[in-house]
Amino acid sequence: MQRLTRGIALLALGCLISGCAPRQPPAATASTAQAQLTSQTVMAVNWIQQSGEISALAYQAFNSAQTAFLQAKARPGMKKAVVVDLDETMIDNSAYAGWQIKHAQPFSAQTWSQWTQAREAKAMPGAVAFSQFVAQHGGRMFYVSNRAQADFAATVDNLKALGFADVTPQSLLLKPTGGSSDKTARFHEVEQQGYDIVVYVGDNLNDFSGEPYHRLNSERRDFVNRHQGDFGRKYIVLPNPSYGDWEGGLSKDYWPASDEQKLKIRAERIDAWDGK
């Protein structure tokens, strides 16, 4: 009994020295911050891969795009064209995001290229039928993507295997080697071929104009408000909660920031109820 009492006393003394209150979780370190950043996309990828709503929104987008294409009139002397983005617009790359999550891996050009070379992207619901509709009704599809030129052949193979219409070196405009990811110059290339772009389809505001390119989200929202009449008529948006230029729009210092700083910026940009 005396030995037990002495043990309890020592335990109590240990609590006084070290503190028995619940410990706070450690701050993110370099080894854990990247895993946390990646894991924060879990629900977005679950939604993309599992929900019915993503399919409903995709069909809604392409139905709207079809109507917009039929109603649009090209400028005199020009032919009608539709410009579409590829990734998370016409094709679904969420399996790559799933790989990132399961292996706690950041995005990298190398692993993205490996995924692209695998030619395993799936078609977004309604995307193939829309491309065929445009081709069958006198329009021309242009696929304007920021994929690398090194992945051109793999991208062509993937798109053709899925059944997309009119995939050619003239219609597939990838990011120029060493060039900008701003698509404005490539939009001009389409127009210089004698086409009037009557509909744009994308998951990123940069897919419609260079104006919101690499801008803060406040400026990107202003762009949307100024062009509100064009959405659903000329600009057709598909949802992408997983990634996009909006992430860099969280802060002017976001992309140069460390992983720990990115986590802090993300948390600071949440508008939260105070519970009262």
Side-chain angles (χ1 to χ4, degrees), residues 61-62 65-66 68-91 93 109 112-113 116 121 123-124 127-128 130-160 162-215 220 223-224 226-227 230-231 233-238 240 244-245 248:
F62 289 115
Q66 180 174 311
F69 173 78
L70 288 175
Q71 293 179 346
K73 296 185 183 300
R75 286 172 285 175
M78 303 186 78
K79 297 164 286 187
K80 290 168 69 170
V82 173
V83 162
V84 298
D85 175 52
L86 284 182
D87 299 311
E88 281 47 76
T89 297
M90 305 303 278
I91 53 177
N93 301 281
W112 173 254
S113 182
T116 302
M124 291 293 291
V128 172
F130 174 68
S131 74
Q132 296 171 345
F133 179 89
V134 170
Q136 292 164 1
H137 288 78
R140 183 81 190 273
M141 291 287 295
F142 285 90
Y143 305 90
V144 182
S145 167
N146 280 327
R147 288 187 166 203
Q149 291 291 334
D151 295 322
F152 185 91
T155 300
V156 169
D157 290 348
N158 201 165
L159 293 176
K160 286 187 173 181
L162 293 170
F164 284 100
D166 195 18
V167 179
T168 70
Q170 292 73 40
S171 66
L172 179 58
L173 305 178
L174 302 187
K175 178 183 174 182
T177 302
S180 174
S181 58
D182 184 345
K183 296 181 176 181
T184 304
R186 280 169 281 166
F187 297 159
H188 290 160
E189 284 183 39
V190 172
E191 294 172 335
Q192 287 167 3
Q193 294 182 48
Y195 290 95
D196 186 10
I197 305 171
V198 296
V199 176
Y200 296 78
V201 187
D203 66 305
N204 187 323
L205 295 179
N206 304 349
D207 297 329
F208 312 128
S209 168
E211 189 177 340
Y213 177 74
H214 286 0
R215 298 292 184 178
R220 293 168 68 82
F223 169 82
V224 172
R226 289 196 308 275
H227 296 275
D230 289 325
F231 289 96
R233 298 186 177 94
K234 183 176 182 179
Y235 300 150
I236 309 297
V237 187
L238 281 91
N240 179 5
D245 207 37

Where [X] and [Y] come nearest, the two heavy atoms and their spacing:
{"X": "Leu162", "Y": "Ala121", "result": "CD1-O, 3.6 Å"}
{"X": "Glu189", "Y": "Leu173", "result": "OE1-CD2, 4.2 Å"}
{"X": "Val237", "Y": "Ala61", "result": "O-CB, 4.0 Å"}
{"X": "Asp85", "Y": "Met90", "result": "O-CG, 3.0 Å"}
{"X": "Asp151", "Y": "Ser113", "result": "OD1-OG, 2.9 Å"}

Between [X] and [Y], do the side chains contain an N or O donor and an N or O acceptor separated by less than 3.5 Å?
{"X": "Asn146", "Y": "Arg186", "value": "yes"}
{"X": "Asp166", "Y": "Ser171", "value": "no"}
{"X": "Asn93", "Y": "Asp87", "value": "yes"}
{"X": "Tyr213", "Y": "Ser181", "value": "yes"}

Report the distance from atom [atom1] of [X] to atom [atom2] of [Y], rounding to the nearest 0.5 Å.
{"X": "Phe187", "Y": "Asp182", "atom1": "CZ", "atom2": "CG", "answer": "8.0 Å"}
{"X": "Phe164", "Y": "Asn158", "atom1": "CZ", "atom2": "CG", "answer": "8.5 Å"}
{"X": "Met124", "Y": "Asn240", "atom1": "CE", "atom2": "CG", "answer": "8.5 Å"}
{"X": "Ser209", "Y": "Tyr200", "atom1": "OG", "atom2": "OH", "answer": "8.0 Å"}
{"X": "His188", "Y": "Glu191", "atom1": "NE2", "atom2": "CD", "answer": "5.5 Å"}
{"X": "Ile236", "Y": "Thr89", "atom1": "CD1", "atom2": "OG1", "answer": "11.5 Å"}

Walk me through it: do Phe208 and Val83 pass the test side chain to side chain contact (heavy atoms under 4.5 Å, CB included)?
CA-CA 9 Å; Phe208 312 128; Val83 162; over 6 Å; no

Candidate list Val201, Val84, Thr168, Leu172, test side chain to side chain contact (heavy atoms under 4.5 Å, CB included), partner Met141, passing option
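Exactly one option meets the side chain to side chain contact (heavy atoms under 4.5 Å, CB included) with Met141, and it is Val84.
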
Step by step, work out the salt bridge (Lys or Arg N to Asp or Glu O under 4.0 Å) result for Asp245 and Arg215.
CA-CA 8 Å; Asp245 207 37; Arg215 298 292 184 178; over 6 Å; no

I want to know whether Phe62 and Phe133 have ring centres closer than 6.0 Å.
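No, ring centres 6.0 Å or more apart.
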
Do Thr155 and Ile91 have side chains that approach each other closer than 4.5 Å (heavy atoms only, starting at C-beta)?
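Answer no - side chains too far apart.
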
In the structure I gave you, are the side-chain heavy atoms of Arg140 and Val134 within less than 4.5 Å of one another anywhere?
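Contact flag for Arg140/Val134 side chains = no.
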
Do side-chain atoms of [X] reach the backbone of [Y] as a donor and acceptor pair under 3.5 angstrom?
{"X": "Gln170", "Y": "Gln193", "value": "no"}
{"X": "Asp207", "Y": "Asp203", "value": "yes"}
{"X": "Lys183", "Y": "Val144", "value": "yes"}
{"X": "Arg147", "Y": "Leu174", "value": "no"}
{"X": "Thr116", "Y": "Trp112", "value": "yes"}
{"X": "Ser131", "Y": "Val128", "value": "yes"}

Kindly assign one of parallel, tilted or perpendicular to the pair Phe142 and Tyr195, based on the angle between their ring planes and the thresholds 30° and 60°.
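Correct class here is perpendicular.
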
Whether His227 and Phe223 hold their rings parallel, tilted or perpendicular, with breakpoints at 30° and 60°
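Taking Phe223 first and then His227, their aromatic rings sit tilted (interplane angle of 30° to 60°).
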
Lys73/Asp196 ion pair, N-O < 4.0 Å
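Judged by the 4.0 Å cut-off on N to carboxylate O distance, Lys73 and Asp196 do not form a salt bridge.
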
What verdict does the side chain to side chain contact (heavy atoms under 4.5 Å, CB included) test give for Lys79 and Val198, after you've listed the backbone C-alpha separation in whole Å, the side-chain angles of each residue and the deciding distance to 0.1 Å?
CA-CA 9 Å; Lys79 297 164 286 187; Val198 296; over 6 Å; no

Flag this pair as yes if the NZ/CZ of Lys80 is under 6.0 angstrom from the six-membered ring centre of Phe69 and inside a 45 degree cone about the axis; otherwise no.
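Yes, a cation-pi geometry.
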
